[in-house]
2 protein chains.
Amino acid sequence: MNNGRFAIALHILTLLDKAKDELLSSEYLAGSININPAMVRKELSSLRNHGFVESKEGKNGGSSLAKSAKEISLGEVYQSVRQLSLLGHQKNTPNPKCPVGKDINEHLNNLYNDTELVLIEQLSKQSLADFSQKFK
Amino acid sequence: MNNGRFAIALHILTLLDKAKDELLSSEYLAGSININPAMVRKELSSLRNHGFVESKEGKNGGSSLAKSAKEISLGEVYQSVRQLSLLGHQKNTPNPKCPVGKDINEHLNNLYNDTELVLIEQLSKQSLADFSQKFK
DNA sequence: TCATTCTGTAATTATTTTTATTACAGTACA
DNA sequence: TGTACTGTAATAAAAATAATTACAGAATGA
């Protein structure tokens, strides 16, 4: 996983699942995660775009799951937060005159893609419901 | 993969494999990768500690593989560069008063560990020899 | 209707992590 | 003993992440 966003996203989703259909405010979510409400809203925006969450604006507003926790796999959550590819990625510009340097990015990309597929497959074995259920 | 070090490590190892038993200098390696020789030496130091590489100091010195490329799996290379765990990791300090916040780090760690095991398994299907052989 | 309590988003700043650079002592060779 | 390397540490620069601030807009209900 690239980044801390996965943890935040999963934390949010778990809280929403636990809250059933009650709407939770970004302030409340931020309090459990211990980060800034604006960060929560940013992540919620992404989760909304991916169809996991829906939010209601205005007074008494907040967010809730847009579908059953059983229908959200951790692989999908991973994919919603992933940027670039798994391994950090090609900011390298190897020497094109070197037979290895010339082609290494292509081969690395293939390797990363194959590996990431397996990772997603593994994460997808678990649904949000499975994860959430671990919390009493 | 956490970071760009994997790409650098694999690039170095591939070059060393291609060079057979010839010693390659950090300057030469840096030229193919297009990074600073000091960075190469730092990575070589780690690769040496993991038993993949051996280096000779002094004039006409340089590095070579310490064992056959067939005996080095990409999973091992990954493990040599990995720091912390796969997913970025627990700098979060969630609210201990929240039932979710209280336990989420533990559950995330379990998830990350399981996932990383599968990732390493996948990478280990390929040896350095397999990877190196892709380059003409 | 309008004060209140939310969200949505952008802009900015701060912090952390990563990468690059510089420097130089130590080693081996010829 | 000069030259060409490695090893390593210290420092600086750059990039990526995360935090903060700010404020317009939406929904509620007194």
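Bear in mind that the values here come from a model prediction, so they are computed numbers and not experimental data. The sequence lines fix the lettering, A, B, ..., with proteins before strands; numbering per chain opens at 1.
- Atom NZ of B:K67 sits in a crowded spot, with more than 12 heavy atoms from other residues, nucleotides or ligands closer than 6.0 Å.
- Under 4.0 angstrom from either OP1 or OP2 of C:dG8 there lies at least one side-chain N or O belonging to A:R48.
- The aromatic rings of B:F52 and B:H50 sit parallel, their planes meeting at an angle under 30°, below the 60° perpendicular limit.
- DNA chain D is contacted by both A:N60 and A:P37; A:P37 maps to the nucleotide lying nearer its 5′ end (nearest heavy atom per residue).
- Residue B:K59 has its side chain nearest to D:dA4 when only D:dA4, D:dT28, D:dA19 are considered.
- Distance from the side chain of B:K56 is smallest to C:dC29 among C:dG8, D:dG7, C:dC29.
- Nearest to the side chain of B:M39, among D:dG29, C:dT9, C:dT19, sits C:dT19.
- Listed in residue order, the members of residues 10-36 of chain B having a heavy atom less than 4.0 Å from DNA chain C are B:I35, B:N36.
- Applying the salt bridge (charged side-chain N to carboxylate O under 4.0 Å, His left out) test to residues at least two apart or on different chains, none of the pairs has a partner in residues 51-61 of chain A.
- In this structure, the side chains of A:L128 and A:V77 stay at 4.5 Å or more apart for every pair of heavy atoms.
- Of the listed nucleotides (C:dG26, C:dT7, C:dA20), C:dG26 has the atom at the smallest distance from the side chain of B:E57.
- If you check D:dA4, D:dA9, C:dG8 against the side chain of B:A38, the one that comes closest is D:dA9.
- Each of A:K42 and B:G58 was matched to the nucleotide of DNA chain D holding its nearest heavy atom; the match closer to the 5' end belongs to B:G58.
- Rounding to whole angstrom units, CD of residue A:E43 and P of D:dA18 are separated by 10 Å.
- The pair A:K134-B:E106 fails the salt-bridge criterion, with no side-chain N (NZ, NE, NH1 or NH2) lying under 4.0 Å from an Asp/Glu carboxylate O.
- No side-chain N or O of B:Q122 forms a donor-acceptor pair with one of B:Y78 less than 3.5 Å apart.
- Using a 4.0 Å cut-off, some side-chain N or O of B:S45 falls inside it from OP1 or OP2 of D:dT8.
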